[in-house]
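Remarks on the structure that follows.
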Amino acid sequence: MPELPEVETVRKGLEHLVKGKKIKDVAIFWPKIIESPNSEDFKTQLVGEEILDIDRRGKYLIFKLTHFDMISHLRMEGKFEYHKGSDPVMKHTHVIFKFSDETELRYLDVRKFGRFVLVPKDTSQIYKGLQKLGPEPTEEAFLLKGFEQELKKRKKPIKPLLLDQTLVTGLGNIYVDESLFRAGIHPEQEANTLTKKEIALLHREIIAVLGEAVEAGGTTIRTYQNALGDAGNFQVSLMVYGQNGESCPKCGAEILKKKVAQRGTHYCPHCQIYRVRRG
DNA sequence: AATACTACCTGCGTGC
DNA sequence: TGCACGCAGGTAGTAT
């Protein structure tokens, strides 16, 4: 489900609802959701832990516990719901964290792609998935100079390059299409053919679009009641994602959709022109 | 090392 | 209605 703005919105919701809660028990209905340790140890180690804080790095949530860091990735469709223990357990619920006050944090995931990992306290940065991440998409962390140097070295199309999280973290299929549109760059333009000017614009638009989406509480596409972080309204600000067949907000041309690196890709054929041999 | 493709899952809409 | 197929906000593993 989520890209950085949605995960950040979930983080804020969790901070509000479960910070300070003590874990009394854990129920696991789909053990593969637990990447490590094995689901039995995962449960045993969590009992008695208190949720001290909830951090985020890229699209990962990091629950800071008494003796552990619990890393959570929602992948495509993972979501958290906060419930009373007496509430009926809905379909697609795979993990339940039961608190000492008889409330529960439930993890639901239709496609079961999401993962949990438990590591010793303050060692989350060693986890492989977090280690590979590039800088957060902020002015302070994401530097134009480094971005430009990396792009010069890569010849793969810019869209899949931005999706791999190593140059900058947080973009997914929605915001990468929005960033490229706003910067006027074709999604298949090879990274090493981008001009200095285009790179600077792209850098600025990535930071801007993700920042605006965080402010809006993320984008809500499919609505699921009760899920933390589903109240975002950035979908009203999307300029190309899901807009195929509509008019380009800049020039009026028809927004097209095509496959790029196995992902549905939305773009304006007039504002985002592919050019051969540049840079 | 960089790149490309596939697996992991379920549900929904479309077309025959 | 039934069924096959493509598609969905992501990443890790494998092969080249």
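To find a chain, count down the sequence lines: A is the first, B the second, and so on, and within it residues start at 1.
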Name the nucleic acid region contacted by A:Gly264, choosing base, sugar-phosphate or nothing; use a 4.0 angstrom heavy-atom cut-off, strictly under. sugar-phosphate

In terms of the nearest nucleotide of DNA chain C, which residue is placed more toward the 5' end: A:Val7 or A:Glu35? A:Val7

Checking all strands, does A:Gly114 fall into the base, sugar-phosphate, or nothing category for heavy-atom contacts under 4.0 angstrom? nothing

Take atom P in B:dC12 and the same atom in C:dT11, then report the distance between them in whole Å. 24 Å

With a 4.0 Å cutoff (strictly under), does any side-chain N or O of A:His73 reach OP1 or OP2 of C:dA12? no

Does A:Ile71 share a hydrophobic cluster with A:Phe116, counting links as ILVMFWY side-chain heavy atoms below 4.5 Å and allowing steps through other members? no

ring centroid sep under 5.5 Å plus plane angle under 30, A:Phe113 with B:dC9: no

Give the intermediate values and the outcome of side-chain hydrogen bond (donor to acceptor under 3.5 Å, both in side chains) for residues A:Glu49 and A:His67. CA-CA 7 Å; A:Glu49 292 287 296; A:His67 303 96; 2.7 Å; yes

Does a nitrogen or oxygen in the side chain of A:Lys259 sit under 4.0 Å from OP1 or OP2 of C:dG6? no

Expressed in whole Å, how much space separates the P atoms belonging to C:dC5 and B:dA7? 15 Å

Give one of base, sugar-phosphate or nothing for A:Arg115, where a contact means two heavy atoms less than 4.0 Å apart. nothing

In this structure, how many angstroms lie between the C1' atom of B:dT3 and the CG atom of A:Leu167, rounded? 14 Å

Verdict with reasoning, A:Tyr274 to A:Glu190, per side-chain hydrogen bond (donor to acceptor under 3.5 Å, both in side chains): CA-CA 9 Å; A:Tyr274 180 82; A:Glu190 290 81 0; 2.9 Å; yes

Rounded interatomic separation in angstrom, taking CD1 from A:Ile221 and P from B:dC12: 16 Å

Looking at the side chain of A:Glu3, which of C:dG10, B:dC5, B:dG11 is the nearest nucleotide? C:dG10

Would you say a side-chain N or O of A:Lys132 is under 4.0 Å from OP1 or OP2 of C:dG10? no

Send over the distance from A:Gln131 CD to C:dA12 P, rounded to a whole Å. 12 Å

Take atom CG of A:Asp109 and atom P of C:dG10, then tell me their distance rounded to the nearest Å. 13 Å

How is A:Gln165 classified with respect to the nucleic acid when contacts are heavy atoms under 4.0 Å: base, sugar-phosphate, or nothing? sugar-phosphate

What is the distance, to the nearest angstrom, from the NZ atom on A:Lys155 to the C1' atom on B:dA1? 12 Å

Quick note, A:Gln262 side chain, CB onward, closest among C:dA8, B:dT6, C:dG10 is B:dT6

When you measure from the side-chain N and O atoms of A:Lys128 to the phosphate of C:dG13, is any distance below 4.0 Å, counting only OP1 and OP2? yes

Within the structure shown, what part of the strands sits under 4.0 Å from A:Tyr60 by heavy-atom distance: base, sugar-phosphate, or nothing? sugar-phosphate

Please report, rounded to the nearest Å, how far the P atom of B:dC8 is from the CD1 atom of A:Ile34. 19 Å

side-chain N/O A:Lys112 vs B:dT10 OP1/OP2, d < 4.0 Å: yes

Common cluster, A:Ile158/A:Val240, ILVMFWY with side-chain heavy-atom separation under 4.5 Å: no

Checking A:Phe29 against A:His94 for the ring pair (Phe, Tyr, Trp, His ring centres under 6.0 Å) test, could you report, in this order, the C-alpha distance in whole Å, the side-chain angles of both residues, the deciding distance, and whether it holds? CA-CA 5 Å; A:Phe29 305 109; A:His94 302 125; 8.3 Å; no

OP1 or OP2 of C:dT11 sitting under 4.0 Å from any side-chain N/O of A:Lys59? yes

For DNA chain C, the dot-bracket notation using Watson-Crick and G-U wobble pairs below 3.5 Å, [ ] for pseudoknot-type crossings and | for other-strand pairs, is .|||||||.|||||||

Under 4.0 Å, heavy atoms only, any strand: does A:Lys153 hit a base, just the sugar-phosphate, or nothing? nothing

Whole angstroms only, please: what is the CG-C1' distance between A:Asp164 and C:dT11? 10 Å

So, the side chain of A:Glu136 versus the backbone of A:Gly58: is there a donor-acceptor pair under 3.5 Å, distance only? yes

Looking at the side chain of A:Arg263, which of C:dC7, C:dG10, B:dT10 is the nearest nucleotide? C:dG10

A:Lys250 to A:Phe181, cation-pi by 6.0 Å centre distance and 45° axis angle: yes

Provide the distance between the two P atoms, one in C:dG6 and one in B:dT6, to the nearest whole Å. 13 Å

Side-chain N or O of A:Lys91 closer than 4.0 Å to phosphate OP1/OP2 of B:dG11: yes

Under 4.0 Å: is that the gap between some side-chain N or O of A:Arg75 and OP1 or OP2 of B:dC8? no

Using whole Å, report how far NZ of A:Lys79 lies from P of B:dG11. 12 Å

I'd like to know if the side chain of A:Asp87 reaches the main chain of A:Lys84, judged simply by a donor and an acceptor atom lying under 3.5 Å from each other, with no hydrogens or angles considered. yes

Within the supplied structure, the quantity of interest is the number of heavy atoms (other residues, nucleotides, ligands) at a distance under 6.0 Å from A:His270 NE2; does it exceed 12? no

Report the nucleotide, chosen from B:dG11, B:dA4, C:dG10, that has the shortest atom-to-atom distance to any side-chain atom of A:Val110. B:dG11

When you compare C:dA12 with B:dG11, how far apart are their C1' atoms, in angstrom units rounded to a whole number? 23 Å

Pair A:Tyr107, A:Tyr82 - check ring pair (Phe, Tyr, Trp, His ring centres under 6.0 Å), show working. CA-CA 9 Å; A:Tyr107 178 76; A:Tyr82 183 65; over 10 Å; no

In terms of the nearest nucleotide of DNA chain C, which residue is placed more toward the 5' end: A:Arg111 or A:Tyr127? A:Arg111

